[in-house]
Every structure is written in C-alpha cells, then in structure tokens.
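Every number for a ligand or one of its atoms is a count from 1 in the order of the listing.
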Amino acid sequence: MTAPPRVLTVAGSDSGGGAGIQADLKTMLALGTHGMSVVTAVTAQNSVGVQGFWELPVEAVRAQYRSVVDDIGVQAVKTGMLASAALVETVAELIAGTDAPSVVDPVGVSKHGDSLLAASALDSVRSKLLPAATVATPNLDEVAQLTGVEVTSEDGLRRAADAVLAYGPQWVLIKGGHLRGDAVDLLTDGSEEHVLRAPRHDNRHTHGTGCTLASAIASQLAKGQSVPEAVMAAKEYVTGAIAEGFALGGGIGPVDHGWRFR
Ligand SMILES: Nc1ncnc2c1ncn2[C@@H]1O[C@H](COP(=O)(O)OP(=O)(O)OP(=O)(O)O)[C@@H](O)[C@H]1O
Ligand SMILES: Cc1ncc(CO)c(N)n1
C-alpha cells in the first residue's frame, strides 16, 4: 500500500471533539491524508464553553514535533491554539525550519468567547508566527486583535487582508464567516485575489469551523494542490460540514466532519 500524504496539526485538544486536534484529525481522514498531532494544550471543553485549559511545556511540544518530522516527515503543517508567547515562538521557529507549507490559524478566542491565547502572546504572533506562514487564516475578531483593523462588511475584507499581509505571510485568507449574508472569505497574496462565496447555512451548530477549514487547506496542500486550489476545495468541504452540523450537549454542536461519508 502507498502511504497517504502526511499532515501535521500543532494545536490544542478539545475534549468535546468538535474543534482543535480532534477536528483536525477527522478532517484529515475525511480528505484522504494521514493526520499526525503535536498537542500544545489540553482544554476541558464542551458545547457550552471552555471550562479550563492546561499548556504543555515547551520541551514537550518541541519533542513531539521532532519525533514526527524527523522520522515520518510531513507534507503540510497546520497550527491552531498555541496558548502562550513561549509556545508561539517555539512553534514559529519549528515551522520556519520545516520544508513544507504551513497553514497558520491564529486562534485567539473560542466561539463562546473564552480566551485561548494570552494577550502577551500577540506580539509574537505578529512578529514570529505570521511571517512563517504559507497561508494565515484569521477570522475578523483575530484581524481586529492583531492589526486594529475593524471590518463590519464585505467591502472591508481587502483592507483586512492588506493589514495581515504586512506581517509577512505569503497568503492570507480572511474569513468573513462572522458577517451577515453569504459566507464570504477573501484569499490573496497581495497580487492575486480570490473571493470565496458560499450560502450561509442557518445552523447554530458551527463549533470547529475555523479548525476544520485550516486543516482541510493543509490536507489539500499535502496532496500537491496550489494554495488557491487547496483553499477552494477546503471551502467546499467546510461548507458541507456546516450544513450538516448537529446538536450535541446543551449549546453549540459540532460541524459534521464525516458528511461526505453519510
Ligand atoms: N453559517 C455559516 N454558513 C456557511 N459558512 C459559514 C458559516 N459560518 C462560517 N462559515 C464559513 O466557515 C469558515 C470558517 O469561518 P469562521 O469565521 O467561522 O472561522 P472561525 O471563527 O475561525 O471559527 P472558530 O469559531 O471555529 O474559531 C469560513 O469559510 C466561513 O465563511
Ligand atoms: C482546542 C481548541 N482550538 C481551537 C478552537 C477554536 O475556537 C477551540 N474551540 N478549541
């Protein structure tokens, strides 16, 4: 048997299984890649919020990363929750030294408004993590937090993209999922521009959308697609997963990572 393309997620664990490492590995399986993980933090989390989280020591993150990359090898890396400045800096250095495309989801707060990144880590995200990204995928709250640019309508997406590109990622995908109307995202490298538009699904069960999209992009890159091709395929996958999101627990349920199998 030939091994499938290998993809690594560097992210936090979501005990509820809808976001974080768990969303990433499910997405990778659904898209035909071999998913591997470096756990940065463990959250106690469910459909109503994040009840607590515990970071791993820098050495534990570095050791997991080296174990995977030095023996198995990776064809794409995705980063998610990194919790602290020390972990942001460690992971930025690791991905900058890896010969594979990286998708950086600069996770700041959860869907419930719980903080997953220390305020003291924002400078490291700007100066170390974003410059190491092949594609950065901030949502509009993360754009505001990182650049000060506030976007309230589709017209502002280009301004947001320029502000993030100034920190040095090769590409940026600004996610307009929190706006009203269609779910519109903007992908650009500063010269080429692609608008990705999908109908908004009136479904409150959207836990894990951002993690799922970023992991889907990484999976498609590992399969050899270009950044625009990978982002378009990933958008189609996440849109289907949102359409089929289901109720679990008393709050916001997860997207359906397995929608293409049902
Ligand atoms: N209700 C919806 N219907 C269709 N697409 C949506 C909907 N909500 C978000 N999206 C799309 O889902 C993708 C993820 O965007 P979103 O803005 O939700 O990410 P996020 O805020 O980082 O997610 P998370 O809350 O998991 O961190 C984007 O392509 C966005 O346009
Ligand atoms: C562990 C983890 N990573 C990312 C998110 C995205 O909001 C989350 N809720 N939990």
Side-chain angles (χ1 to χ4, degrees), residues 9-25 27 37-56 78-83 87 103-117 135-146 151 154 157 160 172-187 194-217 230-245 251-257 259:
T9 171
V10 181
S13 164
D14 169 10
S15 51
I21 292 275
Q22 289 77 1
D24 299 339
L25 294 175
T27 299
S37 60
V38 167
V39 180
T40 57
V42 174
T43 71
Q45 185 172 179
N46 55 23
S47 71
V48 296
V50 178
Q51 289 78 43
F53 76 77
W54 298 266
E55 285 167 48
L56 264 76
K78 175 251 164 173
T79 71
M81 174 186 179
L82 297 177
L87 286 177
V103 182
V104 168
D105 187 14
V107 172
V109 289
S110 82
K111 198 136 272 167
H112 301 94
D114 300 301
S115 178
L116 300 174
L117 181 74
V135 192
T137 65
N139 65 25
L140 293 176
D141 297 325
E142 290 152 0
V143 168
Q145 206 177 25
L146 290 166
V151 173
E154 217 177 298
L157 294 176
V172 64
L173 176 68
I174 305 288
K175 298 177 290 191
H178 300 191
L179 295 172
R180 274 190 286 276
D182 285 348
V184 182
D185 310 329
L186 178 73
L187 173 71
H194 302 265
V195 175
L196 297 105
R197 185 179 295 275
R200 173 168 302 279
H201 291 294
D202 185 19
N203 182 353
R204 72 186 288 251
H205 303 303
T206 53
H207 183 62
T209 48
C211 304
T212 300
L213 178 64
S215 294
I217 298 169
V231 170
M232 281 181 237
K235 174 78 171 173
E236 195 187 324
Y237 173 71
V238 78
T239 303
I242 293 167
E244 301 300 327
I252 301 174
V255 301
D256 184 5
H257 296 100
W259 68 277

Atom pairs and distances, ligand 2 N/O vs protein N/O under 3.5 Å:
residue  : atom   : partner : partner atom : Å
ligand 2 : 9 (N)  : Gln45   : OE1          : 2.8
ligand 2 : 10 (N) : Gln45   : NE2          : 3.2

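Checked against Thr137 for a side-chain contact (heavy atoms from CB on, under 4.5 Å), the options Ile217, Val231, Ile174 give a single hit: Ile217.
The backbone N or O of Gly253 lies less than 3.5 Å from a partner atom in the side chain of His205, making a donor-acceptor pair. With Arg204 contributing its side chain and Gly251 its backbone, the two residues share a donor-acceptor pair below 3.5 Å.
Sorted by chain then number, the residues whose non-hydrogen atoms approach ligand 1 to under 4.0 Å are Lys111, Asn139, Lys175, Gly177, His178, Ala183, Asp185, Pro199, Arg200, His201, Gly208, Thr209, Gly210, Leu213, Lys235, Ile242.
Distance check, rounded to the nearest 0.5 Å: CD1 of Ile21 to SG of Cys211 gives 9.5 Å. The OG atom of Ser15 lies 13.5 Å from the CZ atom of Phe53; values are rounded to the nearest 0.5 Å.
Looking at Glu154 and Arg197, a side-chain N of the basic residue comes within less than 4.0 Å of a carboxylate O on the acidic one, giving a salt bridge. Using a 4.0 Å cut-off between charged side-chain N and carboxylate O, Asp141 and Lys175 make no salt bridge.
Nearest heavy-atom pair across Ser215 and Lys78 is OG-CD, 3.6 Å.
Around the CD atom of Glu236, the shell of radius 6.0 Å holds no more than 12 heavy atoms that belong to other residues, nucleotides or ligands.
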